[in-house]
Engineer: 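Quick one: this structure, given as structure tokens, is what I'll be asking you about.
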Amino acid sequence: MARRRQLYEGKAKILFEGPEPGTLVQYFKDDAYVFDTQKKGIITGKGVLNNRISEHLMNRLMEIGVPTHLIRRLNMREQLIREVEIIPLEVVVRNVAAGSLSTRLGIAEGTRLPRSIIEYYYKNPGLQNPLVSEEHITAFGWATTQDIDDIVALTLRINDFLSGLFLGVGITLVDFKVEFGRLYENEDLRVVLADEISPDNCRLWDSKTGEKMDKDRFRRDLGKVEEGYQEVARRLGILPEAGIRDLRGPELMQ
Ligand code: UDP
């Protein structure tokens with residue numbers, strides 16, 4: 001098959017032209033990059049795991065009526081997605097204090113927050129994705145008030161659903177980042193979940209031991225990075241390579 005035309009290459013993914021108009025192919029790389037420290041590396045097998053984990057989580061979310069850009073996974077590293085107009089915001093949801101929230105506000109990592117907090121960062125690598133408010137977003141036209149209402153409603157549903165899904169397999173969803181896009185369908189314009197949801201953009205801690213199973217293992221040089229990602233997939237019941245047992249489905253923790 002002729003190689004598809006590459007449209008965009010990011011830190012962890014490449015976007016290719018899709019087989020039909022309005023579709024794209026999203027390819028998951030093993031490359032890891034940390035913006036703040038400019039730390040670069042390869043996490044062997046990360047792309048394969050993130051492709052599978054993101055597919056799984058988006059499919060579960062679609063089952064509860066959350067619209068996403070995902071059409072289907074194509075192979076180990078690629079998925080077919082709908083082309084959307086990306087809203088230039090990184091939407092972060094936090095349930096437990098960690099990372100930049102802890103640093104910025106001096107709240108100890110691991111402190112459960114009084115309620116889930118949504119933050120917006122303007123997607124602009126040249127400015128290092130600064131934290132912005134709704135005022136900035138609407139004033140500068142990055143999204144409308146209606147877009148923000150849709151984003152908040154979807155984000156809260158995603159957070160509640162994924163928090164429960166992960167807790168069921170003994171993982172605390174500490175925080176995560178999502179991105180949304182606008183999808184034009186006939187006359188309608190819809191805000192849909194885009195990008196990916198994987199250990200690259202979630203903080204996932206073992207509920208009992210607090211052990212980190214996400215990109216912080218790479219960011220903070222904790223070692224066993226691949227193992228962390230694999231453990232997430234294994235607990236979600238989507239790591240068939242690990243044995244027959246793992247084909248059955250999620251493993252309920254007591
Ligand atoms: N995050 C992300 N991409 C970014 C920045 C953050 O996916 O460019 C995710 C990160 O993995 C974490 C959440 O958003 O799950 C909150 O990250 P935080 O603001 O604490 O920043 P960090 O400490 O990762 O720099």
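Read the numbers this way: they start at 1 and go in the same order the structure lists the ligands and their atoms.
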Engineer: Hey, which atoms in ligand 1 end up nearer than 4.0 Å to a heavy atom of G99?
Structural biologist: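 Going through ligand 1 atom by atom, the ones under 4.0 Å from G99 are 20 (O), 23 (O).
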
Engineer: Test of understanding: given a 4.0 Å heavy-atom threshold, classify the contact between D36 and ligand 1 as side chain, backbone, both, or neither.
Structural biologist: side chain

Engineer: If two hydrophobic side chains count as joined below 4.5 Å and joins carry through other members, does V191 share a cluster with F161?
Structural biologist: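 Same hydrophobic cluster.
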
Engineer: Counting from 1, what ligand 1 atoms have a heavy atom of R94 closer than 4.0 Å?
Structural biologist: 16 (C), 18 (P), 19 (O), 20 (O)

Engineer: At a 4.0 Å cut-off, with the gap strictly under it, does some heavy atom of R219 reach an atom of ligand 1?
Structural biologist: yes

Engineer: Can you tell which of A12, S100, A97 gets a heavy atom nearest to atom 19 (O) of ligand 1?
Structural biologist: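 Going through A12, S100, A97 one by one, S100 has the nearest heavy atom to atom 19 (O) of ligand 1.
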
Engineer: In terms of residue, atom name and distance, what is the protein heavy atom nearest to atom 12 (C) of ligand 1?
Structural biologist: D175 OD1, 3.1 Å

Engineer: For atom 4 (C) of ligand 1, is the nearest protein heavy atom closer than 4.0 Å?
Structural biologist: yes

Engineer: Do L24 and Y8 have side-chain heavy atoms sitting under 4.5 Å apart?
Structural biologist: no

Engineer: Among protein heavy atoms, which sits nearest to atom 7 (O) of ligand 1, and what does the distance come to when rounded to 0.1 Å?
Structural biologist: N201 CB, 2.9 Å

Engineer: For E83, check salt bridge (Lys or Arg N to Asp or Glu O under 4.0 Å) against everything at least two apart and list the hits.
Structural biologist: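 So E83 forms no salt bridge (Lys or Arg N to Asp or Glu O under 4.0 Å) with any residue.
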
Engineer: Using a 4.0 Å heavy-atom cut-off, say whether V92 meets ligand 1 through its side chain, its backbone, both or neither.
Structural biologist: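 V92 to ligand 1: side-chain contact only, backbone stays beyond 4.0 Å.
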
Engineer: Taking atom CG of D175 and atom CG of N95, what is their separation to the nearest 0.5 Å?
Structural biologist: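 Between D175 CG and N95 CG, I get 8.0 Å after rounding to 0.5 Å.
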
Engineer: Applying a 4.0 Å heavy-atom criterion (strictly less than), which segment of E90 is in contact with ligand 1: side chain, backbone, both, or neither?
Structural biologist: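 E90 to ligand 1: side-chain contact only, backbone stays beyond 4.0 Å.
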
Engineer: So which protein heavy atom does atom 9 (C) of ligand 1 come closest to, and at what separation?
Structural biologist: K177 CB, 3.6 Å

Engineer: Which label fits Y122 and W142: parallel for a plane angle under 30°, tilted from 30 to 60°, or perpendicular past 60°?
Structural biologist: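 Parallel, since the angle between the ring planes stays under 30°.
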
Engineer: Can you list the ligand 1 atoms lying under 4.0 Å from a non-hydrogen atom of Y121?
Structural biologist: 19 (O)

Engineer: Would R203 count as being in polar contact with ligand 1, using the rule that some N or O on each side must be under 3.5 angstrom apart?
Structural biologist: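 Such a contact does occur with ligand 1.
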
